[in-house]
Amino acid sequence: MKRVISVLVMIALSVGFVFAGGASEASDGPMKLDVASVYTDGSCGDEANRLFVEKLNESGLFEATYYNNGQLGTEVDTFEAIQSGINIISFSGGSNWGDNFGSPNMGLVMTPFLFEELDDIYGITESELWAEIIAQAEANGLKLINAPVVSGTRYFMANSKFTTPEDLHGLKIRTPNSTFAIYSVEAFGGIPTSVAVSELYSSLAQKVVDGCEFPYADAFTRQLYEVVKYAANQPYVTTYDFWGMDLALWNSLSDEQRAAIESAATEASEYSFGLFQTLESEGKQKLADNGMEFIDIDVDSFRARMDNFYDLIGWDDAFVQRIEDTMAEYRASKQ
């Protein structure tokens, strides 16, 4: 990781980037920014980032360069770059942000079976509960851009058939290095095995893991149909990613620059909701066309294990009730 940070620092210095403690932009031109994601070409997260960067550059206030597919390292590598004050915006999920910036409950957006529709995410991100969670991350130096991007409805996939949590027992299920993903697999009886997304295909091919939890469209772009046989028809979670940057860097920006970032993020976020549904449907069909088999899981049997998840994540009954009340109030407001 230190090597990656050193590379990022060299890039920053070579193109004249400034750091959080200094001026926010050069006097003779737009501010240079790197935008980093681990998403592959054509995925929903990738397309949202491309639009985000396009809008930043159209503002005339930034000269943003987009690096996808982990070109600037893992998500944790880019988090360390943020903490080093480099002019970089990273794109990642709530659990990853929270784990690395001292706000562990930020991962609640990855709670299994929490959302029934894509826009249910706003029940959390527009709530007082979420504002408190963001404030905790800001106390640890993170500026989270509160514009959720649909990064995937995630499905269990394995090389043996499964319909209930009991069928996952003893199976090594690849997860990202995310507390919420790890605890979800553990709660449902699998053996969570953290593997970088760039190593997922080889890990499945070499039987390092027996399966994974992954979105359909991204599974197709990574050709997982070649190395995993079965996928669930029903998702266990819908995940959302957010852009984040160094809080000190954010505070050094002008009001106009901050507004441009928020506007670009909002537009890209809204775009992702429509795009995702198309990619999801197309991705599933492409996986099926390439030989992946789809099976129905017993959703109720998985829901029955949610108390295991709450225990692992450390939520008491009062906090779980607050989440449920927050979502209930939001759904009532939509009627």
Side-chain angles (χ1 to χ4, degrees), residues 39-40 42-45 93 95 110-118 120 150-176 178 180-195 197 199-240 276-309 312:
Y39 287 90
T40 55
S43 62
C44 192
S95 180
M110 294 176 63
T111 301
F113 304 109
L114 180 61
F115 307 123
E116 297 173 359
E117 300 175 349
L118 287 181
D120 278 354
V150 188
S151 54
T153 299
R154 302 180 79 91
Y155 302 80
F156 287 119
M157 302 178 182
N159 278 308
S160 58
K161 281 191 175 181
F162 56 93
T163 57
T164 67
E166 286 73 17
D167 297 324
L168 296 181
H169 285 186
L171 295 186
K172 291 178 289 184
I173 304 298
R174 178 270 171 183
T175 69
S178 156
F180 277 67
I182 291 168
Y183 285 162
S184 293
V185 169
E186 186 174 346
F188 297 139
I191 302 172
T193 306
S194 295
V195 172
V197 69
E199 299 172 3
L200 175 55
Y201 182 99
S202 61
S203 295
L204 285 163
Q206 296 167 14
K207 312 299 183 186
V208 174
V209 294
D210 303 304
C212 59
E213 45 83 70
F214 221 63
Y216 290 150
D218 292 344
F220 175 75
T221 60
R222 292 187 180 276
Q223 299 178 288
L224 298 191
Y225 53 82
E226 296 179 349
V227 290
V228 68
K229 186 172 180 59
Y230 302 104
N233 277 313
Q234 296 82 14
Y236 84 95
V237 69
T238 300
T239 59
Y240 300 83
F276 172 74
Q277 295 178 75
T278 299
L279 292 177
E280 177 84 343
S281 176
E282 292 177 350
K284 183 177 184 180
Q285 187 60 54
K286 289 175 180 177
L287 291 173
D289 291 344
N290 282 275
M292 187 172 281
E293 296 183 30
F294 293 86
I295 55 179
D296 288 326
I297 63 172
D298 180 355
V299 173
D300 288 341
S301 69
F302 281 86
R303 288 183 182 275
R305 297 286 189 97
M306 282 302 295
D307 283 345
N308 293 346
F309 174 81
L312 288 166

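In what follows, residues are counted from 1 in the order of the sequence shown. Since the structure is predicted, the reported quantities are computational estimates derived from the model, not experimental observations.
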Visitor: Given the rule in the side chain to side chain contact (heavy atoms under 4.5 Å, CB included) test, do L118 and T238 qualify, once you have shown the distances and angles that lead to the verdict?
Guide: CA-CA 8 Å; L118 287 181; T238 300; 3.9 Å; yes
Visitor: Compare every heavy atom of S301 with every heavy atom of T163, then report the nearest pair and how far apart it is.
Guide: O-OG, 4.3 Å
Visitor: What are the two closest non-hydrogen atoms of C212 and L200, and how far apart are they?
Guide: CB-CD1, 4.1 Å
Visitor: Taking the side chain as C-beta and beyond, is there a heavy-atom pair between S160 and L171 under 4.5 Å?
Guide: yes
Visitor: Are the side chains of F180 and F309 in touch, meaning some heavy atoms are under 4.5 Å apart?
Guide: yes
Visitor: Begin with the C-alpha distance, continue with both residues' side-chain angles, and end with the deciding distance and a verdict on ring pair (Phe, Tyr, Trp, His ring centres under 6.0 Å) for F162 and Y230.
Guide: CA-CA 8 Å; F162 56 93; Y230 302 104; 7.6 Å; no
Visitor: Are the side chain of T239 and the backbone of G152 linked by a donor-acceptor contact shorter than 3.5 Å?
Guide: yes
Visitor: If only atom types and distance count, is the side chain of T193 paired as donor or acceptor with the main-chain N or O of I191 below 3.5 Å?
Guide: yes
Visitor: Nearest heavy-atom pair of C44 and L279: which atoms, and what distance?
Guide: N-CD1, 3.5 Å
Visitor: Should T175 and S194 count as side-chain neighbours, where that means a heavy-atom distance under 4.5 Å?
Guide: yes
Visitor: Side chains of S95 and S178: do they bring a donor and an acceptor to under 3.5 Å?
Guide: yes
Visitor: Do you know the tightest heavy-atom contact between P235 and T153?
Guide: CB-CG2, 2.9 Å
Visitor: What is the minimum heavy-atom distance between M292 and A231, and which atoms define it?
Guide: SD-CB, 3.6 Å
Visitor: Determine whether Q223 and N290 make a side-chain contact, defined as any pair of heavy atoms from C-beta on separated by less than 4.5 Å.
Guide: no
Visitor: Run the ring-centre check on F294 versus Y216 and record whether the distance is less than 6.0 Å.
Guide: yes
Visitor: Q234 and side-chain contact (heavy atoms from CB on, under 4.5 Å): which partner among D298, I295, D296?
Guide: D296
Visitor: Taking C-beta and beyond as the side chain, do E226 and L204 meet within less than 4.5 Å on heavy atoms?
Guide: no
Visitor: Shortest non-hydrogen contact from A232 to I297?
Guide: CB-CG2, 3.7 Å
Visitor: S43 and T221: side-chain donor and acceptor closer than 3.5 Å?
Guide: no
Visitor: Salt-bridge test for R305 and E186: reply yes if a basic N is under 4.0 Å from a carboxylate O, no otherwise.
Guide: no
Visitor: Kindly indicate, with the supporting measurements, whether the criterion side chain to side chain contact (heavy atoms under 4.5 Å, CB included) is fulfilled by R174 and V185.
Guide: CA-CA 9 Å; R174 178 270 171 183; V185 169; over 6 Å; no
Visitor: Below 4.5 Å, heavy atoms only, C-beta onward: do K207 and N159 meet side chain to side chain?
Guide: yes
Visitor: Going by the angle between their ring planes, with limits at 30° and 60°, are F302 and F113 parallel, tilted or perpendicular?
Guide: tilted
